[in-house]
Amino acid sequence: MRKIYIHPLPIRIWHWLNAFGIILLILTGLQIRYTGLFDVISFRNAVILHNWVGFLVGANFLLWLLFYLFSKRISVYQPELNSKKYFAAMFRQVYFYAYGILRGEANPYRVTPAAKFNPMQAMTYQIVMLLLLPMQFYTGVLLWDATGFAGQIDMLGGIRVISTIHVLLSIAFIGFLMSHLYLITLGHSFFAHSKGMVTGYEEVEDETKPKETTSFRVDRDSP
Amino acid sequence: MREISRVARNLGGKFAVRQTGPLESSMKNSSSIARRWQWLPALLVLLMSLPCTIAIAQDDEPEDVIALEDDDLACLKCHDDPSLETKLESGETLSLHISAKDFIGSMHNENSCADCHYEIDIDNHGQGQSTISSKRELGVSMGDSCRDCHKKKYREYDDSVHARLIAEGSTKAPMCADCHNPHTVTSWEIAEPAAAMPCGKCHEEIFKAAALDVHGLARGNKENPAPVCSGCHQAHGVKAASLGSGLKDTCLDCHDDAAEKHKLWLPNAERHFDTISCPVCHAPNANRRVNLRLFQGVGKDQQQLLEKTGVPQFVKRTEAADQQGEGLNDRELLKLLKQYTNDAEVKTVVRGRLEVSSGIDAHQLADKSEAISDCKICHQAGAEPFQSVILTVAGPDGRPIRHQVKKEVLNSAFSIDSVHGFYVLGSTRIKIFDYLLVLVVIGMTGGLVAHMIARWLFRRARERSAAKANQDSGSKN
């Protein structure tokens with residue numbers, strides 16, 4: 001095993017703030033939607049907390065965006081445009097999690113600083129970070145001041161459309177979070193990946209022989 | 001012939017009688033403005049002839065003395081008789097009594113009888129059967145007399161729900177004289193406001209409720225007087241309170257810091273102000289409901305749908321759409337809206353508003369310490385205000401026309417389109433998304449647990465492959 005530095009400090013700060021924020025948003029969101037079913041905190045406090053945390057997560061998103069815009073590490077979010085390569089790599093990754101991992105096969109994807117996401121992660125994070133999270137933030141802001149943004153809300157089809165998008169996305173985030181929490185335990189040890197997000201270093205297997213199943217990411221792996 | 005003139009103090013209603021000039025038997029139309037200062041010579045005459053005046057209940061010196069024209073005195077000679085009455089064609093008995101004392105104390109004491117009753121043919125007046133068919137007909141015919149002087153008030157009245165009702169053929173909606181007795185009407189400055197309010201004659205239940213609410217109880221407070229009916233509803237331009245934004249702006253006229261104060265504690269305060277009528281929270285014991293109102297157009301041009309005069313579209317369409325007759329369901333409401341949209345070629349939408357169920361409920365305003373501030377009253381499933389839902393258009397007479405809607409409409413996925421302008425966190429949430437959330441959580445948990453079980457089941461295979469890999473690498477070395 002050797003250690004490689006793949007999570008720089010700003011990203012680790014962003015990640016843990018984001019993780020903490022998203023969990024708080026889910027909990028307060030559930031409290032807002034299901035007041036009466038359970039009352040851990042009051043509806044009003046849940047709304048106020050939800051609004052504040054929402055803006056913090058939004059500001060934190062800017063930290064993430066600025067870091068990547070001004071860092072070479074933006075390469076981790078570069079999409080694979082060759083669809084043949086993309087689907088082949090994706091299939092290998094899905095196969096690994098569905099079956100290979102059970103048989104004790106090695107992860108077909110090899111993490112590098114310039115391409116730390118496996119094809120499944122790359123696709124998911126591109127969608128989550130560039131589409132779902134901004135959409136959730138935008139709809140949240142509209143709902144936060146429904147009178148101030150009445151024009152935009154009407155243009156988009158009314159407050160129920162906005163609220164529906166916000167609720168459906170939050171269900172998606174809950175699903176994402178559950179799978180995320182499970183998948184991070186599938187490293188070479190239970191806490192391997194989460195420890196990596198604290199220290200910045202991931203432990204990867206020594207490359208003693210060229211792997212047949214290496215992903216497309218390896219192709220542009222920087223030395 | 002006896003010659004009489006009366007001079008009276010305006011406010012006290014006490015009057016003096018003394019002998020003076022000849023009585024003329026004809027009525028003439030004279031300008032009230034010209035007579036405005038007419039009390040002055042009368043006062044001088046009175047003062048000069050004080051010793052020989054026969055004073056009736058006159059203890060102190062008159063300060064503001066009104067003299068009646070001889071013509072008017074001629075009228076009062078007969079009409080000051082409480083027993084004077086006539087039988088109308090309708091069978092009603094019309095009292096013809098005009099109390100001289102009350103008239104002199106009234107706001108109209110500077111007018112002569114003929115100013116209003118100019119149509120009377122004095123030569124034949126009082127001879128034979130009355131030509132007035134009913135009290136109502138008399139009221140209608142006398143309205144024009146009021147209009148001659150009170151032009152501004154009349155313009156307001158013409159736009160009121162009362163005037164519209166009369167235009168629609170109502171025989172009950174009030175005209176001038178139903179609220180203001182022209183022969184006794186007194187100034188607001190001296191009348192006891194609540195007692196002078198005639199609204200209770202028709203709106204009796206509301207009037208009683210209002211007398212007991214926070215405004216009603218504070219009416220006696222001289223320093224900070226609470227409003228009487230007309231303070232909020234406008235006496236002459238009165239509109240149906242449940243249309244438009246209701247009386248919110250009227251509340252804010254006095255409670256001008258209310259909007260700012262609500263912002264201090266109420267998240268999304270402006271939205272609450274837009275969609276909730278004040279009594280919903282400030283009349284905590286009132287019955288509440290959701291009022292879905294039909295609007296046409298988009299953006300700033302959006303207008304509340306008006307029922308067409310003579311073509312009762314709304315009643316016809318809602319009754320046709322409501323197949324079970326138990327209130328519109330989600331699909332029926334959506335269909336109705338599409339029908340309106342297609343017909344008018346303008347997008348017809350529903351905008352919701354939370355309001356109290358009746359005028360009586362709206363007049364149970366409590367002290368602000370009792371107002372609802374617990375969000376849970378509205379923001380949870382099954383909340384009381386959302387158990388009753390109604391669809392409304394503005395009727396041609398200015399009053400709302402309603403049709404019952406099933407409460408489930410608010411929680412239906414169809415409401416994303418039909419009720420798209422009304423959403424209340426918790427209570428109007430779309431039910432199907434609750435199931436979706438449960439499905440995602442269960443599905444995800446199931447999938448992950450299945451994966452864990454599979455990993456546990458394959459543990460032997462993994463151990464074998466690890467052992468083999470070690471063996472391979474060992475033999476290689």
Side-chain angles (χ1 to χ4, degrees), chain A residues 29-37 39 42-48 50-51 97-99 101-106 143-151 153-168 170-179 181-183 185-186 208-209, chain B residues 265-275 298-300 302 349 351 373-376 378-383 413 415-423 425-430 433-434 436-437 439-441 443-445 447-448 451-452 454-455 457-459 461-466 469 473:
Chain A
L30 287 171
Q31 180 65 85
I32 291 167
R33 191 169 168 86
Y34 297 104
T35 291
L37 198 63
D39 295 296
S42 74
F43 176 87
R44 183 171 166 268
N45 287 340
V47 168
I48 293 169
H50 194 82
N51 289 343
Y97 280 118
Y99 188 67
I101 195 169
L102 306 176
R103 307 269 312 168
E105 289 173 17
L143 293 170
W144 165 70
D145 185 4
T147 312
F149 295 109
I153 291 173
D154 272 354
M155 215 171 66
L156 293 166
I159 197 158
R160 286 222 176 218
V161 172
I162 305 299
S163 159
T164 297
I165 295 171
H166 201 73
V167 168
L168 289 179
S170 62
I171 294 174
F173 279 114
I174 290 170
F176 168 81
L177 183 66
M178 288 176 77
S179 64
L181 288 176
Y182 179 71
L183 288 168
T185 66
L186 298 185
T208 51
K209 57 174 181 179
Chain B
W265 69 274
L266 181 64
N268 238 327
E270 284 183 30
R271 187 71 178 184
H272 282 90
F273 264 60
D274 281 350
T275 50
V298 282
K300 285 176 187 167
Q302 202 171 57
V349 296
R351 287 175 66 177
S373 57
D374 182 1
C375 312
K376 270 178 79 174
C378 289
H379 289 289
Q380 61 174 321
S415 68
I416 297 172
D417 191 7
S418 63
V419 196
H420 82 284
F422 183 70
Y423 180 68
L425 292 168
S427 45
T428 70
R429 64 174 194 252
I430 293 164
F433 298 150
D434 296 346
L436 183 67
L437 173 64
L439 200 73
V440 166
V441 172
M444 198 54 90
T445 311
L448 300 179
H451 198 260
M452 282 161 79
R455 277 168 62 209
L457 290 174
F458 274 81
R459 68 194 186 283
R462 277 199 301 280
E463 281 164 12
R464 274 201 299 276
S465 85
S473 64

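Numbered from 1 within each chain, the chains take letters A, B, ... in sequence-line order.
With values rounded to the nearest 0.5 angstrom, B:C378 atom SG is found 13.0 Å from B:K376 atom NZ. Atom CD1 of B:I430 sits about 6.5 Å away from atom OH of B:Y423, to the nearest 0.5 Å.
Comparing B:V440, B:N268, B:V419 by heavy-atom pairs within less than 4.5 Å of chain A, the highest count is held by B:N268. Comparing B:L436, B:L266, B:D434 by heavy-atom pairs within less than 4.5 Å of chain A, the highest count is held by B:D434. Ranked by heavy-atom pairs under 4.5 Å with chain B, the list A:I162, A:L168, A:I159, A:I174 is led by A:I159.
In B:R455, the CZ atom is crowded: over 12 heavy atoms of neighbouring residues, nucleotides or ligands sit closer than 6.0 Å.
No part of B:V349 comes within reach of chain A, as not one of its non-hydrogen atoms sits under 4.5 angstrom from that chain. For chain B, the nearby parts of A:L102 are the backbone and the side chain; heavy atoms of each come within less than 4.5 Å. Heavy atoms closer than 4.5 Å to chain A are found nowhere in B:A466, neither backbone nor side chain. For B:S427, no part sits under 4.5 Å from any heavy atom of chain A, backbone or side chain. Heavy-atom distances place both the backbone and the side chain of A:I101 under 4.5 Å from chain B. Interface remark: B:D417 contributes no atoms to any contact with chain A (heavy atom separation under 4.5 Å). Only the side chain of A:L30 comes within less than 4.5 Å of a heavy atom of chain B; its backbone N, CA, C and O stay farther away.
Relative ring orientation between A:W144 and A:F149 is described as tilted, the plane-to-plane angle lying within the 30° to 60° band.
With a 4.5 Å cut-off on side-chain heavy atoms, A:V167 and B:R429 do not count as touching.
Between the B:R351 side chain and the B:F422 main chain, no donor and acceptor come within less than 3.5 Å of each other.
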Derivation and outcome, side-chain hydrogen bond (donor to acceptor under 3.5 Å, both in side chains), residues B:S415 and A:R160: CA-CA 8 Å; B:S415 68; A:R160 286 222 176 218; 2.8 Å; yes
